[in-house]
Amino acid sequence: MAKAKQPPIPAEMLPKHIAFIMDGNGRWAKKRGLPRSAGHIEGAKNFKKIVRYCKDIGIENITFYAFSTENWKRPEDEVHTIMNLMREYLVEVRKYFTENTRMIILGDKGAFEPDLRKSFEDLEADTLKYQEMNMGLAVNYGSRDELTHACRALAQQVKEGKLQPEDITEDMINGQLYTKDMPDVDLLIRPGGEYRISNYLLWQSAYAELYFCDTLWPDFSKKELDAALIEFAKRNRRFGGL
């Protein structure tokens with residue numbers, strides 16, 4: 001399928017996997033005298049635009065931090081708004097995504113209400129064989145929690161005598177992660193003016209290039225993403241070598 005737009009850098013220099021932290025929705029709303037829920041609604045609209053743009057320019061893997069394991073502590077009405085936005089998105093995604101986009105849910109789905117959990121599971125199953133782009137949605141996700149689950153799974157294999165501790169490899173750990181079918185993160189982008197990665201894809205981002213900007217997520221544009229990609233192309237990625 002022809003791409004709708006040429007990327008701002010040569011195609012061979014594009015990151016294979018971009019991870020986004022969608023930060024600043026609440027502050028965007030507060031600056032405008034609106035409830036925080038309004039910021040999440042605008043952020044969800046922008047999320048769709050950025051997903052489409054990434055697909056158009058040929059990004060093969062994208063992951064979005066939508067809801068962390070810590071976000072349950074937020075005010076009940078804000079959590080309720082986010083959950084309803086997820087419901088709307090899971091219905092709409094079937095309409096505006098072309099085929100060949102595989103959806104991968106990162107996080108423990110067991111904490112969600114049954115209808116939302118089933119929607120996540122159905123979408124994963126229905127897009128399992130699509131290959132043009134992988135899209136990860138991190139919901140009820142925390143990287144330390146993910147690594148804890150991975151360690152428990154391997155420990156259980158040791159307990160059952162299927163595996164010896166000294167035989168555990170990085171590949172085995174990677175195979176227990178939610179992102180086991182995606183490459184490591186090349187570029188991690190966080191708008192919103194914060195300079196941390198907030199328990200997001202710690203293992204997968206071991207050698208990621210980090211890009212921070214002050215733009216709040218609802219205002220993060222295609223132009224801003226282009227700037228991040230141009231900056232990425234300038235980085236000298238040595239992976240510990242010379």
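Positions are given from 1, in the same order as the sequence printed here. Being a predicted model, the structure only gives us computed values, none of them experimental. Values below: every heavy atom of this structure, side chains too, minus hydrogens, waters and symmetry copies.
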Is K5 salt-bridged to D56, going by a charged N under 4.0 Å from an acidic O?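 Looking at D56 together with K5, the answer is no, because their closest N to O distance does not fall below 4.0 Å.
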Atom of [X], atom of [Y] and distance for their closest heavy-atom approach:
X	Y	answer
R74	E78	NH1-OE2, 3.0 Å
G43	N25	CA-OD1, 3.5 Å
M86	A66	CE-CB, 4.5 Å
A228	I189	CB-CD1, 3.8 Å
A29	G39	CB-N, 3.6 Å
I105	E124	N-OE2, 2.9 Å

Can E113 and R87 be said to form a salt bridge (Lys or Arg N to Asp or Glu O under 4.0 Å), step by step? CA-CA 11 Å; E113 294 183 7; R87 287 184 173 91; 2.9 Å; yes
For K118, salt bridge (Lys or Arg N to Asp or Glu O under 4.0 Å) partners two or more places apart: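 If we apply the salt bridge (Lys or Arg N to Asp or Glu O under 4.0 Å) test to K118, skipping adjacent residues, the hits are D122.
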Which residues pass the salt bridge (Lys or Arg N to Asp or Glu O under 4.0 Å) test with D214, not counting sequence neighbours?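 Expected list: none.
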Apart from [X] itself, residues in the same hydrophobic cluster as defined by side-chain heavy atoms under 4.5 Å:
X	result
L128	none
L85	I41
L34	W28, L216
L188	I21, Y65, I104, L106, Y141, Y178, M182, V185, Y195, I197, Y200, L201, L202, L210, F212

[atom1]/[X] to [atom2]/[Y] distance, rounded to the nearest 0.5 angstrom?
X	Y	atom1	atom2	result
I59	N134	CD1	CG	13.0 Å
D23	R190	CG	CZ	4.0 Å
N84	E88	CG	CD	6.5 Å
L123	M103	CG	CE	5.0 Å
W203	I173	CH2	CD1	4.0 Å
H40	H80	NE2	NE2	13.0 Å

With sequence neighbours left out, which residue pairs that include part of residues 196-213 fulfil the salt bridge (Lys or Arg N to Asp or Glu O under 4.0 Å) condition?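 Counting only pairs at least two positions apart or across chains, the salt bridge (Lys or Arg N to Asp or Glu O under 4.0 Å) contacts touching residues 196-213 are E194-R196, E209-R235, E209-R237.
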Does the side chain of [Y] come within less than 4.5 Å of [X]'s, by heavy atoms?
X	Y	answer
V79	F67	yes
C54	L225	yes
E224	P191	no
L187	Y211	yes

Under 30°, 30 to 60°, or over 60°: which ring-plane class applies to F120 and F112, parallel, tilted or perpendicular?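 Rings of F120 and F112: perpendicular, over 60°.
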Do S221 and T215 pass the side chain to side chain contact (heavy atoms under 4.5 Å, CB included) test, and can you show the C-alpha distance, the side-chain angles, and the key distance before you say yes or no? CA-CA 9 Å; S221 64; T215 306; over 6 Å; no
Side chain to side chain contact (heavy atoms under 4.5 Å, CB included) assessment of L229 paired with I57: CA-CA 11 Å; L229 291 171; I57 63 174; 3.7 Å; yes
Criterion side chain to side chain contact (heavy atoms under 4.5 Å, CB included) on N140 and N71, from CA distance to verdict: CA-CA 8 Å; N140 193 29; N71 286 157; over 6 Å; no
Hphob cluster co-occupancy, L147 + Y207, side-chain heavy atoms under 4.5 angstrom: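 Result: no, two separate clusters.
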Same cluster (ILVMFWY, side-chain, under 4.5 Å), I9 and I62: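 Same cluster.
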Passing candidate, side-chain hydrogen bond (donor to acceptor under 3.5 Å, both in side chains) with Q204, options N174, T179, D184: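 With Q204 as partner, side-chain hydrogen bond (donor to acceptor under 3.5 Å, both in side chains) holds for just one option, T179.
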With R102, the side-chain hydrogen bond (donor to acceptor under 3.5 Å, both in side chains) member among N61, D126, D181: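 Running side-chain hydrogen bond (donor to acceptor under 3.5 Å, both in side chains) over N61, D126, D181 with R102 returns exactly one hit, D181.
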Short question: side chain of N46, backbone of W217 - any donor-acceptor pair under 3.5 Å?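 Side chain of N46 to backbone of W217: a pair is present.
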Would you please name every residue forming a side-chain contact (heavy atoms from CB on, under 4.5 Å) with E76, sequence neighbours left out?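 Once residues adjacent in sequence are excluded, E76 has no partner under the side-chain contact (heavy atoms from CB on, under 4.5 Å) criterion.
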Residues in side-chain contact (heavy atoms from CB on, under 4.5 Å) with E121, at least two apart?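 Result, side-chain contact (heavy atoms from CB on, under 4.5 Å) vs E121: K109, R117.
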Are there more than 12 heavy atoms of other residues, nucleotides or ligands under 6.0 Å from atom NE2 of H149?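 It does: H149 NE2 has more than 12 such atoms within range.
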Could you walk me through whether K55 and M135 pass the side chain to side chain contact (heavy atoms under 4.5 Å, CB included) check? CA-CA 10 Å; K55 186 172 175 61; M135 181 184 153; over 6 Å; no
Identify each donor-acceptor pair in which a side-chain atom of residues 153-167 lies under 3.5 Å from a protein atom, sequence neighbours left out, and give them as a table.
residue, atom, partner, partner atom, Å
Q156, NE2, E160, OE2, 2.9
E160, OE1, K162, NZ, 3.0

What pairs with F64 under ring-ring contact (aromatic ring centres under 6.0 Å, His included), at least two apart in sequence or on another chain?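 Expected list: F20, F47.
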Just list the side-chain donor-acceptor pairs under 3.5 Å for residues 10-18, sequence neighbours left out, or say none.
residue, atom, partner, partner atom, Å
H17, ND1, P183, O, 2.8
H17, NE2, T63, OG1, 2.6

